[in-house]
Every structure is written in C-alpha cells, then in structure tokens.
Amino acid sequence: METPIKSRLTYSSYLKVNDLLALQKPLSTAHDELLFIVIHQVYELWFKQILFELDNVTLLLEKPDFIRSIRRLERVSEIMRVLISQVDVLETMMPSEFNRFREHLNPASGFQSLQFRELELLCGMDPAEYSKFLELNPEWKGKLEARLKKRTLRQAFFSVIQTAGTNSAEALQKIYEHQLPDSPVRSLCEGLIRFDEQVELWRFRHVQMVERMIGMKMGTGGSLGVGYLRTTLKKRFFPELWEARTQLGSYSHSMVAGGLEEMS
C-alpha cells in the first residue's frame, strides 16, 4: 500500500487564512461593522505579539542582555505606532453608522480585553485593581493567576539597575549622572519610556475616538464610557523614568562639573 503524500504546504494553509477569514461575523447589516470587528481582532493579534516580546525582554534582563532587550523594545515601539495609527482607520467610521450596530454589542466592551489586562499586569500595574474584572469575567481567573506568578517587566528592570542600598530613584540618578547617553543601560531606559509614552498616546487617541463616536453615553459593558477611559490616562508603567526628567538638568550639570574637575 502506497504511503499517502504529505499535503503540500501553501501560503494559505501555513497562515490558516481560511480559518482567519471565517472569524468576522457581523451581528447587523451596518456597513461599518466589519471594519469595527477587523480593527479589534487585529488589535488582539498585536497584543499577543507585544506580550510575547515583553515577556522575552523580562527574561533577557535577568541575564542581563541589554542589547537584545533594546531591540525587542524597538520592535514593540513600531507595533505601538501601528496601533496608534489604526485609530485613524477606525475614525473613518461615521458616528451614525456606528450607532446602527452599537446596540448589538451589549454587554461586550473593550475593557474586557484579557490580553490588554495581561499587558498592564506584565508592566507592573497593581493586581488589586483587577478584581472587578474577574467578577465580570470569571473565565479569566486561570490566565490572570498564571500571569501574576510571572516576574513583571518593572521588577526585571529595577532589579537589574539597582545596586545594594539604592532605591529606584537613586539608581536612575546614578545612570543619568554617570552613563553616556548612548550607553546600553540609558538606551534601555529610553526604550521603556518610549513604550510608556506610546501606550499613553494610544489610550488618548482611543478616548478621543470614543467621545467622537458616542459622546458621554454609558459604555456598552456598563462602564462610564469616556468618563472611565479618561481615568486610564493617568496610568504610567514607569513613573520613575518620567520623574527622572525633572532632574535631567542637574544630572547634566553634575557631569559637566565632574569633567571639569578631572581636567583641572
């Protein structure tokens, strides 16, 4: 009996294109609902990639491997630029068209994105804040508990820059006082604050887009809508890196003064 020939790998079979294209199932006849679904499914795919990259950065920092960590952060930065620009595509949707299918979305809501909640936890946000999401989505329990057992990006970063007897602020002060601007550790700091800034920009664009579409209406999941989203704009993963900016002038002066003393 002849051995069956293995199916030839194709572009479609490798990428599971048929399965992928079968996942968009609008609940209404509104023209723009397909766009809404595609955009949010693409967000989830990019969230998956960001989690993959940042989990790897966390492991690399334990070595520590600054160079590959920086490269991973550069990739995440490019992905975040795509996420921010996707809001432009979503804003081609007219508010009147969105309201044609919005009622079909209840009680689903964007704040039910498990992967984005994982991203926040990976970056070191307070786990206590997520108990309310578990009440709404008990199926998250296993994944969130698994995430909470892992080391966070914040823990990995501050562990690698802190020396005995220093806190995070003192460690950053030493880096900015004694490391050259293009040194690996300062480049790592810049990569992390760039990521922090881009997440904040994405949140802001999202808030503006939602207000443009629904004004101050309640969110479909029962949240306060724009009112709730505005509170998320205050979240920063690495506030210490932002605070260090306040001290940059004094760091520079101390470096110059130290250099003059060595020359005299």
Side-chain angles (χ1 to χ4, degrees), residues 16-51 78-121 123 125 129-141 143-144 195-237:
K16 304 293 185 290
V17 172
N18 291 337
D19 295 337
L20 186 64
L21 298 181
L23 297 177
Q24 297 76 47
K25 300 184 183 298
L27 300 177
S28 75
T29 58
H31 178 84
D32 285 356
E33 189 178 358
L34 178 61
L35 173 68
F36 185 85
I37 293 171
V38 168
I39 287 284
H40 286 83
Q41 287 182 343
V42 171
Y43 273 139
E44 291 297 329
L45 289 172
W46 281 130
F47 290 158
K48 180 176 183 177
Q49 187 68 37
I50 291 172
L51 285 168
E78 290 303 311
I79 294 172
M80 286 304 307
R81 288 198 321 114
V82 172
L83 296 189
I84 294 167
S85 67
Q86 278 188 186
V87 179
D88 292 328
V89 181
L90 200 53
E91 285 190 330
T92 64
M93 183 170 60
M94 297 296 292
S96 57
E97 185 69 11
F98 175 56
N99 280 296
R100 283 188 60 200
F101 65 86
R102 182 174 181 260
E103 65 181 30
H104 294 284
L105 304 181
N106 274 313
S109 174
F111 71 70
Q112 294 171 327
S113 170
L114 171 60
Q115 289 196 116
F116 190 73
R117 298 307 166 196
E118 279 198 79
L119 175 61
E120 290 181 314
L121 289 170
C123 293
M125 300 304 289
E129 188 178 333
Y130 297 87
S131 58
K132 60 179 179 291
F133 295 114
L134 277 177
E135 293 173 8
L136 294 171
N137 305 275
E139 69 275 13
W140 288 8
K141 191 172 187 290
K143 286 193 173 182
L144 286 186
F195 169 63
D196 215 355
E197 179 183 29
Q198 287 178 311
V199 173
E200 192 170 0
L201 285 171
W202 178 78
R203 290 185 194 273
F204 177 75
R205 287 300 311 278
H206 183 229
V207 171
Q208 296 300 100
M209 182 273 297
V210 171
E211 184 171 4
R212 177 172 176 246
M213 292 294 168
I214 67 169
M216 301 304 293
K217 293 188 183 79
M218 292 283 288
T220 49
S223 74
L224 296 177
V226 171
Y228 162 74
L229 291 173
R230 283 177 177 167
T231 66
T232 67
L233 298 178
K234 301 174 183 178
K235 292 184 177 181
R236 282 178 171 172
F237 300 140

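- A tilted orientation is assigned to the rings of Phe116 and Trp202, their planes being inclined by 30° to 60°.
- Side chains of Leu114 and Leu144 form a contact here, defined as non-hydrogen atoms less than 4.5 Å apart.
- The line from CZ of Arg205 to CD of Glu91 is 5.0 Å long, rounded to the nearest 0.5 Å.
- The aromatic rings of Phe101 and Phe98 sit perpendicular, their planes meeting at an angle over 60°, well past the 30° parallel limit.
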Go through it in stages, so that I can follow the logic: the residues are Glu118 and Lys143, the test is salt bridge (charged side-chain N to carboxylate O under 4.0 Å, His left out), and I'd like the CA-CA distance, side-chain angles, deciding distance and then a yes or no. CA-CA 8 Å; Glu118 279 198 79; Lys143 286 193 173 182; 5.6 Å; no

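- Note: Leu45 CG to Ile79 CD1 = 11.0 Å, rounded to the nearest 0.5 Å.
- With rounding to the nearest 0.5 Å, the separation of CZ in Arg117 from CZ in Phe47 is 9.5 Å.
- The two residues Met209 and Leu90 make their nearest non-hydrogen contact at CE-CD2, 3.4 Å.
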Could you go through the side-chain contact (heavy atoms from CB on, under 4.5 Å) check for Gln41 and Glu44 one step at a time? CA-CA 5 Å; Gln41 287 182 343; Glu44 291 297 329; 5.7 Å; no

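- Using bins of under 30°, 30° to 60° and over 60° for the plane-to-plane angle, the ring pair Phe36/His40 lands in the tilted bin.
- A salt bridge does not link Glu200 to Arg203: none of the charged nitrogens lies less than 4.0 Å from a carboxylate oxygen.
- Across all non-hydrogen atoms, the minimal contact from Tyr43 to Gln86 is CE2-NE2, 3.3 Å.
- Here the CE-CG distance, from Met94 to Asp32, works out to 9.0 Å after rounding to the nearest 0.5 Å.
- Remark: Glu197 pairs with no residue by the salt bridge (charged side-chain N to carboxylate O under 4.0 Å, His left out) rule, at least two apart or across chains.
- The side-chain heavy atoms of Ile50 and Met80, taken from C-beta on, include a pair separated by under 4.5 Å.
- The CG atom of Leu35 sits 10.0 Å away from atom CD of Glu97, with the distance rounded to the nearest 0.5 Å.
- The distance from atom CG of Asp196 to atom SG of Cys123, rounded to the nearest 0.5 Å, is 8.0 Å.
- Glu33 pairs by the salt bridge (charged side-chain N to carboxylate O under 4.0 Å, His left out) definition with nothing, not counting sequence neighbours.
- Nearest heavy atom pair, residue Arg236 against residue Met125, reads O-SD, 4.2 Å.
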